[in-house]
Amino acid sequence: MTLLWLFVIVGVSALLIWQFVGYPPLLMATVALRAKPRVVDYTYQPFVSILVPTYNEETVIAQRIENLLNLNYPGENYEIIVVDSGSLDGTVGVVQDLLQSYGDHNPPVKIIREKERRGKASAINFGKRAARGDFVLVTDANAAFDPNVLREIMPHFKDPKVGGAVGGGKYCVANPENSLAASTSFYWDLEYMMRVGESALDSACTFHGGEINAWRKDLVDADVRMLTEDLDMCVSIKEKGYKIVYEPGAIVYEPAPTTPEDQIKQRKRTSIGTIQILFKHGKFLISAKDWYRRLIFPPSHKALTMISPFMILTIPILYLVIGDLQVALAHLILTLTFFVSLFAALLFARSRLLPGRKDETAFSVASIPKIIHYVLLNEYLILLAWKDFLFGRYSVLWEKATTTR
């Protein structure tokens, strides 16, 4: 019986090692480093409608519109649509004043208003109905684009097999001097490595949150029941047989949460949304017919992440069941050795895929305690997300992280 429990504990440990330090550096980073660069036709510049959903964004919306007006893309080939969902502050007034001073120029800017707040998915669908382009790009009000975002991301749609394109590139946290923000940047470094590899192998696992995602307008509507409508749209596009491309050159900047409260709010919400998607698209995801389903989404990037807290809790329980201190210590030392070795591989992969990073978010031995704290906090928040999901304690209405504004 002890031997059986040993097999179980080794299996659980192997899955955790795979999730945290095996899948990103050993597989996806390797795929990314060996992948051939995509051939991109920069002369392909289709018309795209940029949607900016807003709710009480008066402090950032003017700066956001100015950022979008100055993209390195023909002004006649894109439009900016601010979709306001019943803001209670001066968001609408700020936009209207800006439009009055801006006048009738390219790219055109307009604001449309939902009478009441129904959630981000509803705002996206409302904006989509007003969009003139065959392509839609959704972005947050508090983000900022590098001028070449559209130039980099839109040419991918020349390939009729591409249904969506993920931006974010070498995602840049706008406030890395804050320790919590720096931890978030560590997370996005991992995401970058995984998405580059996933895109080369099959398709990117998910869109890049609300910061930047583009898709063919006729393919999908946002599901108003979903908390992470971006992830849901990504999976829906895959269900229809299209690819999701990740474009590293489409760089976006956005402040990360700087308080534990905001980080908890943000991470718990995305975890509940992921759990929703696993139940909604379960039949599609378990029918392993491509690399997206065989390797990327369920067994590595998303589904495994949602059960990892339970696996972590299982290990000390199994130590008690086995009842042998020497066996427990030997397993713990061996597991930590694997983690450290693969973490070193992670550092190497990061230096190859993200060369020249000189900010405070760079991986180092000194950053390990912060990283461990960040990982354990995320695992705890996933447990809270399961509790709220099972008891129905969640809402599709936006719960903004106030420190990101």
Side-chain angles (χ1 to χ4, degrees), residues 19 23-24 27-28 31-32 35 38 40 46 48 51 120-121 124-125 128 134-139 153-169 171 190-248 250 270-307:
Q19 177 200 334
Y23 179 68
L27 184 60
M28 286 301 104
V31 172
R38 291 179 182 272
V40 178
V48 56
L51 305 185
K120 189 173 181 179
I124 291 172
N125 291 336
K128 177 186 165 182
D134 291 329
F135 304 95
V136 171
L137 186 148
V138 180
T139 186
I153 204 169
M154 295 311 298
H156 290 288
F157 289 103
K158 186 176 182 179
D159 183 350
K161 296 179 182 178
V162 173
V166 187
Y171 177 79
L190 291 183
E191 285 289 319
Y192 170 77
M193 287 190 286
M194 287 189 285
R195 293 187 194 195
V196 171
E198 290 167 353
S199 182
L201 185 64
D202 186 310
S203 288
C205 182
T206 179
F207 284 143
H208 194 91
E211 295 83 19
I212 176 171
N213 58 78
W215 30 277
R216 297 182 187 273
K217 186 174 70 173
D218 61 348
L219 281 186
V220 66
D221 290 318
D223 189 334
V224 296
R225 301 167 299 174
M226 297 292 111
L227 270 65
T228 51
E229 79 295 325
D230 54 316
L231 176 58
D232 178 61
M233 287 191 291
C234 186
V235 178
S236 296
I237 290 170
K238 277 297 299 178
E239 280 185 306
K240 295 183 178 180
Y242 290 84
K243 291 181 177 293
I244 310 294
V245 174
Y246 184 67
E247 174 46 62
T270 58
S271 296
I272 294 173
T274 302
I275 296 168
Q276 285 183 305
I277 269 70
L278 292 176
F279 280 93
K280 177 183 176 181
H281 297 281
K283 185 177 180 180
F284 165 73
L285 293 171
I286 63 175
S287 57
K289 297 180 180 180
D290 51 36
W291 287 114
Y292 186 83
R293 287 172 283 180
R294 289 174 184 163
L295 176 68
I296 294 170
F297 195 108
S300 301
H301 198 151
K302 287 295 180 182
L304 187 60
T305 302
M306 289 301 104
I307 63 171

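Checking side-chain atoms of E198 against main-chain N and O of C205 turns up a donor-acceptor pair under 3.5 Å. For S300 (side chain) and I296 (main-chain N/O), no donor-acceptor pair under 3.5 Å exists by modelled atom type. No donor-acceptor distance shorter than 3.5 angstrom exists from the side chain of Q276 to the backbone of T228, with no hydrogens or angles considered. A donor-acceptor contact shorter than 3.5 Å links the side chain of D290 to the backbone of R293.
When the side chain to side chain contact (heavy atoms under 4.5 Å, CB included) test is applied to C234, the partners found at least two apart in sequence or on another chain are F207, I244, Y292. Taking the salt bridge (Lys or Arg N to Asp or Glu O under 4.0 Å) definition, one finds that R225 meets it with D223, sequence neighbours left out. Taking the side-chain hydrogen bond (donor to acceptor under 3.5 Å, both in side chains) definition, one finds that D134 meets it with nothing, sequence neighbours left out. Contacts of K128 classified as side chain to side chain contact (heavy atoms under 4.5 Å, CB included), with partners at least two apart in sequence or in another chain: W215, K217, D221. Residues forming a side chain to side chain contact (heavy atoms under 4.5 Å, CB included) with D218 (at least two apart in sequence, or on another chain): R216. Under the side chain to side chain contact (heavy atoms under 4.5 Å, CB included) criterion, P298 pairs with L285, A303, sequence neighbours left out.
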Given side-chain contact (heavy atoms from CB on, under 4.5 Å), test V235 with I237 step by step and report yes or no. CA-CA 5 Å; V235 178; I237 290 170; over 6 Å; no

Worked verdict on T274 versus L231 for side-chain contact (heavy atoms from CB on, under 4.5 Å): CA-CA 8 Å; T274 302; L231 176 58; 3.8 Å; yes

Should V31 and W291 be marked as a side-chain contact (heavy atoms from CB on, under 4.5 Å) after you check the CA-CA gap, both sets of side-chain angles, and the distance that decides it? CA-CA 13 Å; V31 172; W291 287 114; over 6 Å; no

Please lay out, stage by stage, how M28 and L295 fare under the test side-chain contact (heavy atoms from CB on, under 4.5 Å). CA-CA 11 Å; M28 286 301 104; L295 176 68; 4.2 Å; yes

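Across all non-hydrogen atoms, the minimal contact from E229 to I124 is CG-CD1, 3.8 Å. Across every non-hydrogen atom of L219 and G163, the tightest pair is CD1-CA, 3.7 Å. The two residues I212 and A250 have their closest heavy-atom pair at CD1-CB, 4.3 Å.
The NE2 atom of H156 sits 11.0 Å away from the OH atom of Y246 when rounded to the nearest 0.5 Å. In this structure, NE2 on H281 lies 4.0 Å from CG on D232, to the nearest 0.5 angstrom. Between atom OH of residue Y242 and atom CG of residue D159 there is a gap of 10.5 Å, rounded to the nearest 0.5 Å. Atoms CG and CD1, from L278 and I307 in turn, are 9.5 Å apart once rounded to the nearest 0.5 Å. How far CD1 of I153 is from CD of E247: 7.0 Å, rounded to the nearest 0.5 Å. Atom NZ of K120 sits about 15.5 Å away from atom CE of M226, to the nearest 0.5 Å.
Between L51 and V136, some side-chain heavy-atom pair lies under the 4.5 Å cut-off.
With respect to D202, the salt bridge (charged side-chain N to carboxylate O under 4.0 Å, His left out) criterion is satisfied by exactly one of K238, K161, R294, R195: K238.
At a cut-off of 3.5 Å, with distance as the only test, a side-chain donor of S199 or R38 sits close to an acceptor on the other residue.
With a 6.0 Å radius and a threshold of 12 heavy atoms from other residues, nucleotides or ligands, F135 has its CZ atom above the threshold. Atom NZ of K289 sits in a sparse spot, with 12 or fewer heavy atoms from other residues, nucleotides or ligands closer than 6.0 Å.
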